[in-house]
2 protein chains.
Amino acid sequence: MARRAQGTSAGLDRERIAAAAVALVDRDGLERFGVRRLAEELEVDPMSIYHHIKGKAALLDAISEAVLAEVATAADDAQPHDWEEIARLTAHGYREMAYRHPRVFPLLATRAQTSPVALTALERLVTAMRAAGLPDQVVADAPLMLFGFLNGYLLAVLSGGSGQAGDMPAINATAYPTMAALASLQAGFGSVEEFDRIFDTVLGGIRDQADRRGTR
Amino acid sequence: MARRAQGTSAGLDRERIAAAAVALVDRDGLERFGVRRLAEELEVDPMSIYHHIKGKAALLDAISEAVLAEVATAADDAQPHDWEEIARLTAHGYREMAYRHPRVFPLLATRAQTSPVALTALERLVTAMRAAGLPDQVVADAPLMLFGFLNGYLLAVLSGGSGQAGDMPAINATAYPTMAALASLQAGFGSVEEFDRIFDTVLGGIRDQADRRGTR
DNA sequence: CTTGCCAAACCTACACCGTAGAACTTACCG
DNA sequence: CGGTAAGTTCTACGGTGTAGGTTTGGCAAG
């Protein structure tokens with residue numbers, strides 16, 4: 001481990017630290033992540049990191065911020081005004097980020113998201129829904145509903161398998177006959193098709209609720 | 001800390017350990033939880049715990065198992081056959097457990113649930129849905145959809161506030177005008193009314209999808 | 001050119017953590 | 001009475017986050 005003399009610059013900054021941290025969590029997982037290991041990766045003394053980020057909690061914040069930024073830039077390509085299309089695009093971007101960083105994702109799902117990038121995405125969606133004439137209460141509930149589902153679903157899908165698609169826990173057929181009978185229909189566990197199917201059902205719930213309440 | 005002589009029984013068993021662990025996490029949070037602190041609470045040497053539970057990971061498993069068991073016993077009171085009623089009852093029981101143990105809940109949402117108590121609840125729901133004539137694919141998707149939503153939603157609601165209801169993060173009005181305009185409609189953040197409203201919307205999605213696909 | 005200051009990096013040290021391994025005491029069974 | 005298994009404690013090791021102090025180089029003012 002090549003240590004440099006005190007006082008000489010190591011070129012550290014918040015961005016470089018966050019990028020290395022994301023890579024480290026991707027490789028070794030959240031459990032094994034720590035300040036010392038990150039420092040070793042950066043070829044730097046552990047305490048150097050604390051001059052840019054004030055503690056481990058802030059380090060985890062920086063990690064979630066970094067991966068969230070990825071999905072934002074990916075969703076900026078197209079700018080549709082149809083709210084369902086916005087929702088689907090955002091959801092797909094979010095899902096792809098989750099699959100790119102499966103071991104980072106629990107961090108995102110656990111922490112409240114109040115960063116500008118998250119709020120901007122929500123604002124866009126909510127504005128489009130309102131412009132489409134959806135009832136205000138339905139629009140107001142949408143963020144919690146959609147991202148609640150996305151976080152929970154992705155958490156389940158990512159922690160369930162080895163990363164390889166298509167492996168369910170393999171349930172006991174005699175104890176749970178109905179579940180077993182449906183097993184073949186759950187074959188594509190974690191696939192895009194499954195995601196589209198279920199996310200569409202959630203969107204359908206919003207549509208349905210809007211119809212039931214009238215168009216504002 | 002009253003230590004007993006070696007060899008004398010401390011009356012430890014998996015159940016008592018799990019109960020104490022749940023209480024400790026409820027009080028101090030997951031971050032501060034550890035084998036040594038739990039041992040102190042039980043007035044026992046840390047290593048004694050390892051004769052009943054093989055490691056910290058297994059300890060966390062025992063914790064989630066214990067809180068999951070609470071919701072099961074609560075849902076056994078009524079036995080309706082209407083699938084929507086089953087879903088609502090289960091969801092409410094699950095929600096109440098989450099509010100009883102807000103600092104334990106992230107453990108449940110993060111770990112894949114393959115325990116018998118979880119599978120039994122799913123089997124009941126899925127059987128009722130099938131009996132009602134819902135299309136198999138919709139039924140097969142329901143567990144992932146419903147518990148995905150429940151986990152994500154509850155995670156968001158529980159980590160968002162101080163535990164007191166009604167406090168949203170307080171967003172910037174000029175940067176996010178639409179969000180700000182809807183703020184008053186998000187007043188009951190974390191309330192039962194909000195939960196019922198959103199969960200109903202999700203159920204509506206399933207109903208809608210079933211109609212669209214025909215009744216099997 | 002000198003001086004002083006400060007940001008960035010390092011070093012040391014502390015309290016705490018999970019847990020492997022061995023020693024000890026007791027209860028029970030033959 | 002001897003043996004064995006279970007439950008508890010003791011000791012120790014390598015790891016962690018981080019508080020506090022020290023060193024160094026670069027830059028701006030005089």
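Lettering of chains follows the sequences in order, A, B, ..., and the numbering in each one begins at 1.
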Check: B/F147 ring centre within less than 6.0 Å of B/Y94 ring centre: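 That pair passes the under 6.0 Å test.
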
May I ask you to check whether A/Y153 and A/F195 place their ring centres under 6.0 Å from each other?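 Centroid separation for A/F195 and A/Y153: below 6.0 Å.
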
Quick check on C/dA7: is either OP1 or OP2 less than 4.0 Å from any side-chain nitrogen or oxygen of A/H52? no

Can you see if the side chain of B/S48 gets near the phosphate of D/dG7 - specifically, an N or O under 4.0 Å from OP1 or OP2?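 Checking D/dG7 against B/S48, no side-chain N or O comes under 4.0 Å of OP1 or OP2.
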
In whole Å, what is the span from the [atom1] atom of [X] to the [atom2] atom of [N]?
X     : N      : atom1 : atom2 : value
A/H51 : C/dC6  : NE2   : P     : 14 Å
A/E31 : D/dG17 : CD    : C1'   : 16 Å
A/Y50 : D/dG21 : OH    : P     : 18 Å
A/D45 : D/dG21 : CG    : P     : 17 Å
B/I49 : C/dG18 : CD1   : C1'   : 11 Å
A/L30 : D/dT16 : CG    : P     : 15 Å
A/D28 : D/dG15 : CG    : C1'   : 15 Å

Is there side-chain contact between [X] and [Y], with heavy atoms separated by less than 4.5 Å?
X      : Y      : result
B/L146 : B/I206 : yes
A/I63  : A/F33  : yes
B/L30  : B/R103 : no

So which of residues 13-24 of chain B are in contact with DNA chain D, with a heavy-atom cut-off of under 4.0 Å?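 Those residues: none at all.
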
With sequence neighbours left out, which residue pairs that include part of residues 190-201 of chain B fulfil the salt bridge (charged side-chain N to carboxylate O under 4.0 Å, His left out) condition?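 Every pair satisfying salt bridge (charged side-chain N to carboxylate O under 4.0 Å, His left out) with a residue in residues 190-201 of chain B: A/D141-B/R197, B/R88-B/D200.
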
So does A/K56 pair up with B/E31, basic N to acidic O under 4.0 Å?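 No, A/K56 and B/E31 are not salt-bridged.
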
Does this structure show an ion pair linking A/D136 with A/R130, if we count only N-O contacts that are shorter than 4.0 Å?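 Yes, charged N to carboxylate O under 4.0 Å.
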
B/M47 side chain, from C-beta outward: closest of C/dA20, C/dA9, D/dA19: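 Nearest listed nucleotide: C/dA20.
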
N/O to N/O distances under 3.5 Å, protein versus nucleotides 13-17 of chain C:
unit_1	atom_1	unit_2	atom_2	d
C/dC17	OP1	B/R37	NH1	2.9

Would B/R95 pass as a cation-pi partner of B/Y99, given that its NZ or CZ must be under 6.0 Å from the six-membered ring centre and within 45 degrees of the axis?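 Satisfied, under 6.0 Å and within 45°.
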
